[in-house]
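Quick notes on the structure that follows.
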Amino acid sequence: MSRPIAIVTDSTADLPGAWLEEMGVTAIPLSIIWDGETHLDQGPAFREEYFRQLTGGKVLPSTSQPSPGQFAGVYRRLVDEGYDILSIHAECEAGHSC
């Protein structure tokens, strides 16, 4: 007997929140680092501020992928809920930003 499949990605996919919700896709947020403070990518309004910082800020923000622990927590929850998991992500070469 097959189990339902849960799809997981991260906010690099830049998929609309309404679409993610409608399709049941889980997007784990990237971390955005500004002036030593870490914030989670929380969608379009947050990204708008991020891009404003890129063009007008004194200190450029940087990004960081979700931690292995963040993925593990989501995967554990989905498996406990009875899902198999398909996880889709962009790949970046070492030394390059995506």
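Residue numbers run from 1 in the order of the sequence given.
- The hydrophobic clustering, which links ILVMFWY residues whose side-chain heavy atoms are closer than 4.5 Å, places Ile28 and Ile85 together.
- With sequence neighbours excluded, the residues that form a side chain to side chain contact (heavy atoms under 4.5 Å, CB included) with Glu81 are Arg77, Leu78, Tyr83.
- One finds the OG1 atom of Thr9 at 5.5 Å from the NE2 atom of His89 (value rounded to the nearest 0.5 Å).
- Shown here for Pro29 and Pro66, the closest heavy-atom pair between the two residues is O-CG, 3.5 Å.
- Contact of the Ser31 side chain with the Leu40 side chain is registered, since non-hydrogen atoms from C-beta on lie closer than 4.5 Å.
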Under 3.5 Å donor-acceptor pairs involving side-chain atoms of residues 69-76, not counting sequence neighbours:
residue, atom, partner, partner atom, Å
Gln70, OE1, Ser67, N, 2.7
Gln70, OE1, Ser67, OG, 3.4
Tyr75, OH, Ser87, OG, 2.7

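- Looking at residues two or more places apart in sequence or on another chain, you find no salt bridge (charged side-chain N to carboxylate O under 4.0 Å, His left out) involving Glu21.
- The two residues Ser11 and Leu30 have their closest heavy-atom pair at OG-N, 2.9 Å.
- Heavy-atom minimum distance, Asp84 versus Arg3: OD1-NE, 3.2 Å.
- The side chain to side chain contact (heavy atoms under 4.5 Å, CB included) search around Ser62 returns Ile33, not counting sequence neighbours.
- Contacts of Asp41 classified as salt bridge (charged side-chain N to carboxylate O under 4.0 Å, His left out), with partners at least two apart in sequence or in another chain: Arg47.
- Through direct or indirect side-chain contacts shorter than 4.5 Å among Ile, Leu, Val, Met, Phe, Trp and Tyr, Leu15 is connected to Ile5, Ile7, Trp19, Leu20, Met23, Val25, Leu86, Ile88.
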